[in-house]
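Order of appearance sets the numbers: ligands from 1, and atoms from 1 within every ligand.
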Amino acid sequence: MKETGHLVHEYLRSSKRFPHIWCAGCGIGIFMQALIRAIDGMGYGKDDIVLISGIGCSGRLPVYVDFNTLHTTHGRALTFATGIKLANPRLKVITVMGDGDAIAIGGNHLIHAARRNVEITSFVINNQVYGMTGGQVSPTTPFGVKTTSSPYGNLEPNFDICHIVEAAGASLVARATVYHTQLLNRLINRAIKKKGFSLVEVVAPCVTFSGRFLGIDSPVEIMQWQKDNAIAVDNAKAMSEAELEGKIVTGILVDRDRPTYHEQYERLLRTKLKV
Ligand code: SF4
């Protein structure tokens, strides 16, 4: 395995784009390191990868890494990714989105990318809040939590990102936390290799907003909370709904094979249009 210093020089646009904007203790940097390690370990060349984001703190990630990258508009990472994958299926197309970006303004695109089973690897960094714009409630903010835009408590039940994409038809669905870095590395690897639409929800701390709103504002305490509350999916199967309340079920939640959109399209060209 290469040392971190080597990877920094090889993959980060450190002389052009740094310092980064992330707060000290933010979880996005841990995910970025895991992503780079996974891609490096799989032997892809930098030009094999297209990394696409929307808007938000996690949307800055492609700015910092030296792949083919796009930093697009809010909620639209998957639309750009779909176009690129269909135009050049040889490319490994990866999106990085935040919870607001993926599930709120981009929610419709997420559902339909999973339904079509376009071969895109998606990572949703879920920190349960809109961080970049000042700590507003997002679709994954827990019920009752006070945020900048819900000063008396969030009145909305929160979405389960993995359930949504499972129901929509994703080929692979998984969840990890940034505390469990070995698991995160394995899941990134599996998701990138998967044929079809894959999504990994990455539970990550926003120390500046959601940590404070949830009453744990130290990065170390948040990591401890992730450690204490994560349940491996096989162990979760034996637990009741009440026992799983507030827990983070981690691991591969869904792994199935469906024809990809591109395969269907090629079949159409061959059989009906005789191209
Ligand atoms: Fe990370 Fe939150 Fe800071 Fe954004 S505001 S960089 S999510 S800690």
Ligand-residue contact atoms, ligand 1 with Cys206, heavy atoms, under 4.0 Å: 2 (Fe), 5 (S), 7 (S), 8 (S)
2.8 Å cut-off met by an N, O or S atom of Cys57 to atom 2 (Fe) of ligand 1: no
Where ligand 1 meets Cys23 - atom numbers and elements under 4.0 angstrom, heavy-atom basis: 3 (Fe), 5 (S), 6 (S), 8 (S)
Donor-acceptor contact below 3.5 Å, side chain Asn229 vs main chain Trp225: yes
CA sep, side-chain torsions, deciding dist, call: Asn117, Thr260, side-chain hydrogen bond (donor to acceptor under 3.5 Å, both in side chains): CA-CA 5 Å; Asn117 205 26; Thr260 66; 5.8 Å; no
Main-chain N/O of Thr141 paired to Asn154 side chain as donor or acceptor, under 3.5 Å: yes
Distance in Å, Arg37 CZ paired with Ile188 CD1, rounded so as to fall on 0.5 Å steps: 11.0 Å
Per-atom contacts, ligand 1 versus Val207 - under 4.0 Å to a heavy atom: 8 (S)
Pair Tyr11 + Phe67: ring centers closer than 6.0 Å: yes
CE on Met239 to CG on Asn235, rounded to 0.5 Å: 8.0 Å
Atoms of ligand 1, numbered as shown, that sit under 4.0 Å from any heavy atom of Thr208: 3 (Fe), 8 (S)
Close-contact set for ligand 1 against Cys26 heavy atoms, below 4.0 Å: 1 (Fe), 6 (S), 7 (S), 8 (S)
Residue part near ligand 1, for Asn127, under 4.0 Å between non-hydrogen atoms: side chain
